[in-house]
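Below: one structure, written as structure tokens.
Keep in mind that the numbers below use all heavy atoms, side chains included, and drop hydrogens, waters and symmetry copies.
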Amino acid sequence: MLSLVRTHPSQPGRGPLTPGSRAGLGAALALLAIGCAVEVADGRDVHYVPLFSAAPLLVALAGSWRLVLGLGAAATLLGVCFAFAEPTPSLATATGLGTVAVVTGLAAALASVRQRQADRLVELSKLATVAQQAVLRPLGPQVGTLAVAGRYISSTATAEIGGDLYEAIDTPYGVRMLIGDVRGKGLDAVRLASIVLGSYRHVAYERADLRAIVADLDRAVARNVGDEDFVTAALVEERGGTLTIVNCGHPPPLLLRRGAVIPLEPPAPAPPLGFMPEVRPRVERLEPGDRLLLFTDGLGEARRDGEFFPTADRAWRLLGHGTVGDGLASLETALVEWVHGQLDDDIALVLMEYAGPRTDPAVAVPSWEVGATES
């Protein structure tokens, strides 16, 4: 899939100037103006022309090599004008002019190398974004009888790539959702996230018990990670109005009901995937209008001046209005505003809403629910 995506980085020296280029060009022109003023005030003898070589160096920090050559040519031309005005041309003046020309060439070469590296980073950033989108498929707006929305918030502006993952699937056993967080970042984290999601998308249709899915995912993780790598995860199933959650070292989902926010803590703690977790399901009966927020720990760790984002206090006000997509958009806006745009970790969010029971009365409840009939 990645081979089909072509990126077209901007050509050096073409297009509008960037803010950095404009700043460098302004500083360089100011330097040349000051140098000319000092040289004129000093008399007809040339002393300060070698300082003109600093102008192309300033432009090279953010400008294109063409811009560097243009400014270097202007600096050299100014130096030549001062040299012709000198009563007796000297070796020092000629050396100064040579210095300006040589430094201009070096600065242009440096600008060219910097521009190629910048273009490469832009291309890699685009490929990283495509890789992330290939792993995380869009959710919703409807999965089975549930309204579902997903959102990925990257902690960096340069590349949306990390190990946070989510999925929602309508299976014969009900709607099943997964959210997880791979330890670490970068391509290794994306690779492991894709392995977990690939395994989940298969076994979610095959296993009647969420605990069996956990065992399958744990084996998939253990085969592909080192001793210190792991994946925290929470699996959620909605079947016939019954919500079942198994948690493997992951932040507990938040149930939003009639203005209240209820953390759905597991009955007993369990380690992450990769450490052979033995999970105990938590079962809840849903009411029409209930919403459930699944999230990764980047949300719980978001803070400003040492104060954490008050997720539980603001969850209902942010997530309880409009569609589930509107709710996640409001949460992201409030979160980014809280941290002044500086997140420490990526965040994956899934919000679902339960509208009511299925019309089919034959839908079974989970086999482990107390008093459940055999399915």
Side-chain angles (χ1 to χ4, degrees), residues 136-152 165-180 197 200-214 217 233-247 250 252-264 266 279 281-295 315-316 318-331 348-375:
L136 298 179
R137 302 184 300 197
L139 296 185
Q142 196 77 19
V143 181
T145 60
L146 301 179
V148 179
R151 208 169 188 91
Y152 191 96
L165 57 98
Y166 54 73
E167 183 60 286
I169 303 174
D170 188 15
T171 75
Y173 306 102
V175 177
R176 287 176 163 175
M177 292 172 285
L178 166 70
I179 192 160
L197 285 171
Y200 174 74
R201 288 163 181 162
H202 173 70
V203 300
Y205 290 96
E206 305 296 329
R207 307 298 189 201
D209 194 321
L210 289 181
R211 290 168 292 191
I213 297 178
V214 168
L217 297 182
L235 285 80
V236 178
E237 176 187 279
E238 184 279 320
R239 193 191 320 185
T242 296
L243 187 71
T244 306
I245 305 170
V246 293
N247 196 313
H250 199 78
L254 299 179
L255 177 63
L256 285 70
R257 173 178 293 168
R258 299 193 301 272
V261 179
I262 308 167
L264 299 183
V279 295
R282 172 163 181 165
V283 180
E284 298 283 338
R285 291 298 298 180
L286 291 173
E287 299 177 3
D290 282 353
R291 290 189 173 187
L292 186 74
L293 176 66
L294 312 176
F295 57 94
W316 177 260
L318 294 171
L319 299 170
H321 70 92
T323 66
V324 288
D326 295 335
L328 288 186
S330 296
L331 177 59
L349 303 169
V350 177
L351 183 64
M352 77 86 166
E353 180 177 8
Y354 174 70
R358 294 176 184 264
T359 56
D360 182 5
V363 175
V365 296
S367 58
W368 53 80
E369 185 177 0
V370 177
T373 59
E374 292 294 325
S375 57

State, to 0.1 Å, how close [X] and [Y] come at their nearest heavy-atom pair, and which atoms those are.
X      : Y      : answer
Ala168 : Met177 : CB-CG, 3.6 Å
Tyr152 : Tyr166 : N-OH, 4.2 Å
Arg257 : Leu286 : NH2-CA, 3.9 Å
Val175 : Gly144 : CG2-CA, 3.9 Å
Ile245 : Leu243 : CD1-CD2, 4.1 Å
Ile169 : Tyr200 : CD1-CE2, 3.8 Å

How long is the gap from [atom1] on [X] to [atom2] on [Y], to the nearest 0.5 Å?
X      : Y      : atom1 : atom2 : result
Phe295 : Leu328 : CZ    : CG    : 12.5 Å
Leu210 : Asn247 : CG    : CG    : 12.0 Å
Leu178 : Leu235 : CG    : CG    : 5.0 Å
Arg201 : Thr171 : CZ    : OG1   : 14.5 Å
Leu349 : Ile179 : CG    : CD1   : 6.5 Å

* Qualifying residues under side-chain hydrogen bond (donor to acceptor under 3.5 Å, both in side chains), relative to Glu353, sequence neighbours excluded ->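 Partners of Glu353 under the side-chain hydrogen bond (donor to acceptor under 3.5 Å, both in side chains) test: Arg291.
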* Asked: Can you check whether Glu287 reaches Tyr354 side chain to side chain, under 4.5 Å on heavy atoms?
  ->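 No, too far: nothing below the 4.5 Å cut-off.
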* Asked: Is the shortest distance from a Lys or Arg side-chain nitrogen in Arg207 or Asp209 to a carboxylate oxygen in the other one below 4.0 Å?
  ->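 Looking at Arg207 and Asp209, the cut-off is not met.
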* To do: Evaluate side chain to side chain contact (heavy atoms under 4.5 Å, CB included) for Leu254 paired with Leu292, printing each intermediate quantity in order.
  => CA-CA 6 Å; Leu254 299 179; Leu292 186 74; 6.0 Å; no
* Asked: Do you know which of Leu351, Val350, Asp170 makes side chain to side chain contact (heavy atoms under 4.5 Å, CB included) with Val148?
  ->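 Of Leu351, Val350, Asp170, side chain to side chain contact (heavy atoms under 4.5 Å, CB included) with Val148 is met by Val350 alone.
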* Any chance the side chains of Thr244 and Arg282 put a donor and an acceptor closer than 3.5 Å? ->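 Checked: Thr244/Arg282 side chains show no N/O donor-acceptor pair below 3.5 Å.
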* Met352 and Asp290: CA distance, side-chain angles, deciding distance, side chain to side chain contact (heavy atoms under 4.5 Å, CB included) verdict -> CA-CA 8 Å; Met352 77 86 166; Asp290 282 353; over 6 Å; no
* To do: Could you check His250 against Leu294 for side chain to side chain contact (heavy atoms under 4.5 Å, CB included), going step by step and ending with a plain yes or no?
  => CA-CA 10 Å; His250 199 78; Leu294 312 176; over 6 Å; no
* To do: Given side chain to side chain contact (heavy atoms under 4.5 Å, CB included), test Val214 with Leu217 step by step and report yes or no.
  => CA-CA 5 Å; Val214 168; Leu217 297 182; 5.9 Å; no
